[in-house]
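Heads up, the thing below is written out as structure tokens.
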Amino acid sequence: MKCSTQFKALAKWAALAACAGYGPSALAQSSLTLYGLADSYIEYRSNNRSSTVSSSSGGSALRMNSGGLSGSRWGLRGVEDLGGGMQAVFALESGFYMHTGAMGEAERPFNRQAFLGLNGPYGMLSLGRQYISMFDLLPAFMPLTYAGAYEPMPFLMGNLRLDNSVKYRVATGPLAAQAHYQLDDASGAPYQRSAWGGGVSYLSGPFGLAAVYDQSGGVAAAASNRLRKLALAATYAPDPWRLTIGYRWAQDKTATGNLNQRDDMWWIGVGYRISPVLRITAAFYYDDVKARAGAGNPPNPRQHALQLVYGGLSKRTDLYAAAAYARNSALNFAPLSTLPAGKDSQAAVALGIRHKF
């Protein structure tokens with residue numbers, strides 16, 4: 001069956017299940033939630049490289065994109081009460097591009113998450129395609145909370161999700177701890193495929209601290225590497241202010257021990273709630289590249305970002321505006337090779353809308 005046919009069938013089944021349920025006895029013990037988020041924005045961007053593969057020229061561009069505040073998605077979330085404080089839980093989540101309707105990843109209907117597990121008094125154990133611990137523990141410590149316009153989150157973390165992963169999470173009061181491990185697939189070798197990590201976060205009142213470690217390997221044996229990352233972050237949010245600061249250490253080595261890259265990334269953000277429905281946030285990100293293979297004196301990327309979010313239309317719908325300027329890289333610390341020849345900076349402004357359902 002083709003992927004598009006599977007997608008339509010699952011969506012139809014989900015809608016029927018959400019509306020009709022499984023019958024009286026099932027409804028008393030379990031729940032199924034159909035949820036989602038749609039986010040689209042219009043962006044003006046400078047130094048935009050031509051889409052022609054062989055071209056190194058370019059200029060400014062006005063375009064539409066998806067995911068300015070949050071990635072567009074829909075999903076199913078299920079819970080069954082097993083008694084004794086235990087629950088069976090699952091989630092199936094699919095990302096898509098709101099401006100085109102295309103799936104986030106071809107041939108993978110549930111590209112964002114697909115896991116099944118048990119949740120109880122001593123934590124939650126889950127199996128499947130899941131987010132790494134760094135992604136789960138750091139959103140409260142990021143200035144723009146992973147907004148695509150414009151927080152360099154992919155550069156900060158690398159691969160956000162892992163197939164064949166086992167995750168354990170426990171939370172008590174303000175303290176949360178989590179760990180994950182990726183099992184090798186049927187054809188992979190341990191060095192190329194395994195990944196693991198974990199960390200802790202503490203959020204109490206306006207104060208918060210987090211520490212998290214992540215390690216991953218390359219996919220192909222010919223280009224295998226071992227990427228290690230360690231992040232430390234803090235937040236202080238006395239209403240109406242919100243302050244965030246963080247540091248991420250990273251080292252990328254080949255299987256033979258040669259250094260690909262070693263860098264230190266820093267970020268700081270200041271947010272202010274102007275009114276109950278309007279918030280502004282300014283952020284700065286800086287990457288200190290200590291060493292890079294083939295580069296004698298690599299440039300250090302930096303990015304300034306400003307975000308304004310208005311939530312006065314409804315509890316589910318937000319309007320937002322964002323602006324950013326990156327130096328020594330493209331926006332969100334994309335490589336300089338993605339810019340037109342001879343350019344070393346990029347700026348953009350965006351206006352968008354987000355709706356949660």
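In this chain, numbering begins with 1 at the start of the sequence shown.
- S66 places a side-chain N or O within 3.5 Å of a backbone atom of D39 that can act as its donor or acceptor partner.
- By the 4.5 Å heavy-atom criterion applied to side chains, R228 and S216 are not counted as neighbours.
- For the pair D214 (side chain) and K229 (backbone), a donor-acceptor distance under 3.5 Å is absent.
- Counting heavy atoms from C-beta on, the side chains of S126 and N119 never come closer than 4.5 Å.
- Taking OG from S30 and CG from D81, the interatomic distance works out to 9.0 Å, rounded to the nearest 0.5 Å.
- Look at R316 and D318 and you find no salt bridge, because none of the NZ, NE, NH1 or NH2 atoms lies under 4.0 Å from a carboxylate O.
- Of the possible polar contacts, none joining the S133 side chain to the G199 backbone as a donor-acceptor pair under 3.5 Å is found.
- A pairwise comparison of heavy atoms in E151 and M142 identifies OE1-CB, 3.4 Å as the closest pair.
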Carefully, step by step, assess L259 and Q251 under the rule side-chain contact (heavy atoms from CB on, under 4.5 Å).
-> CA-CA 8 Å; L259 186 66; Q251 181 189 74; 4.0 Å; yes
Going through the checks in order, is the side chain to side chain donor-acceptor pair (under 3.5 Å) test met by E43 and N65?
-> CA-CA 7 Å; E43 176 192 63; N65 211 334; 5.0 Å; no
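- Note that CZ of R292 is 11.0 Å distant from CG of D252, once rounded to the nearest 0.5 Å.
- The ring-ring contact (aromatic ring centres under 6.0 Å, His included) test with F333 singles out one residue from W267, F155, Y150, Y286, and that residue is F155.
- Between P152 and M265, some side-chain heavy-atom pair lies under the 4.5 Å cut-off.
- M157 and W249 fall into different hydrophobic clusters, where Ile, Leu, Val, Met, Phe, Trp and Tyr residues are linked whenever their side-chain heavy atoms come under 4.5 Å apart, directly or through other members.
- Following chains of ILVMFWY side-chain contacts shorter than 4.5 Å, one cannot reach F90 starting from L82, and the two form parts of different hydrophobic clusters.
- Taking 4.5 Å as the limit, every side-chain heavy atom of N328 sits out of range of all side-chain heavy atoms of S345.
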Quick one: do M153 and L160 satisfy side-chain contact (heavy atoms from CB on, under 4.5 Å)? Show the steps, please.
-> CA-CA 9 Å; M153 182 262 294; L160 305 179; 3.6 Å; yes
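- Atoms CG and CG, from N260 and L227 in turn, are 9.5 Å apart once rounded to the nearest 0.5 Å.
- Listed for the N47 side chain is no donor-acceptor partner under 3.5 Å among the backbone atoms of P340.
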Output, in order, the C-alpha distance, side-chain angles, deciding distance and verdict of side-chain contact (heavy atoms from CB on, under 4.5 Å) for Y35 and E93.
-> CA-CA 9 Å; Y35 66 94; E93 188 172 288; 2.4 Å; yes
From CA spacing to verdict: ring pair (Phe, Tyr, Trp, His ring centres under 6.0 Å), Y236, F207 | CA-CA 5 Å; Y236 177 60; F207 298 98; 4.9 Å; yes
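- Between H355 and F357, the two ring planes are parallel [angle under 30°; tilted spans 30° to 60°].
- Between the side chain of Q346 and the backbone N or O of S46 there is at least one donor-acceptor pair closer than 3.5 Å.
- Using a 4.5 Å cut-off on side-chain heavy atoms (C-beta onward), V212 and M134 make contact.
- Grouping the Ile, Leu, Val, Met, Phe, Trp and Tyr side chains by contacts below 4.5 angstrom, directly or via other members, places I245 apart from L203.
- In this structure, R161 and N159 approach most closely via the heavy-atom pair O-ND2, 2.9 Å.
- Between F135 and the options I132, L137, L138, a side-chain contact (heavy atoms from CB on, under 4.5 Å) holds for only I132.
- Both L319 and L278 sit in one connected hydrophobic cluster of ILVMFWY residues. Membership requires side-chain heavy atoms under 4.5 Å apart, directly or through other members.
- In this structure, L232 and A211 approach most closely via the heavy-atom pair CD2-CB, 3.6 Å.
- Taking both residues in full, the closest heavy atoms of Y41 and G67 are given as CE2-C, 3.9 Å, listed atom of the first, atom of the second, then distance.
- The closest side-chain heavy-atom distance from L116 to L127 is not below 4.5 Å.
- Applying the 6.0 Å contact sphere to CE of M98 captures no more than 12 heavy atoms from other residues, nucleotides or ligands.
- Counting only heavy atoms from C-beta outward, the side chains of V277 and Y310 approach each other to under 4.5 Å.
- Of the residues listed (Y168, Y181, Y213), the one engaging W196 in a ring-ring contact (aromatic ring centres under 6.0 Å, His included) is Y213, and it is the only one.
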Residues R49, L339; criterion side-chain contact (heavy atoms from CB on, under 4.5 Å); working and verdict = CA-CA 5 Å; R49 186 165 181 164; L339 297 177; 5.9 Å; no
Give the intermediate values and the outcome of side chain to side chain donor-acceptor pair (under 3.5 Å) for residues R302 and Y325.
-> CA-CA 8 Å; R302 62 198 69 196; Y325 173 77; over 6 Å; no
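- A donor-acceptor pair under 3.5 Å links the side-chain atoms of Q182 to the main chain of D163, judged by distance alone.
- Contact of the D344 side chain with the P299 side chain is not registered, since no non-hydrogen atoms from C-beta on lie closer than 4.5 Å.
- Y247 OH: more than 12 foreign heavy atoms inside a 6.0 Å radius.
- A salt bridge between D263 and R248 is present, with a side-chain N of the basic residue lying under 4.0 Å from a carboxylate O of the acidic one.
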List the steps and the verdict of side chain to side chain donor-acceptor pair (under 3.5 Å) for S165 and H180.
-> CA-CA 7 Å; S165 65; H180 70 271; over 6 Å; no
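- One hydrophobic cluster, built from ILVMFWY side chains closer than 4.5 Å, cannot hold both Y131 and F115; they sit in different ones.
- Contact between A324 and L331 at its shortest, heavy atoms only, is CB-CD2, 3.8 Å.
- Considering CD of E80 and OG of S31, their distance stands at 10.0 Å, rounded to 0.5 Å.
- How far CZ of R273 is from OG1 of T281: 12.5 Å, rounded to the nearest 0.5 Å.
- In plain terms, the two heavy atoms of A234 and L209 that are nearest each other are CB-CD2, 3.7 Å.
- M103 CE to S94 OG: the interatomic distance, rounded to the nearest 0.5 Å, is 4.5 Å.
- With hydrogens and angles ignored, the 3.5 Å screen pairs a side-chain donor or acceptor of T235 with a backbone N or O of L243.
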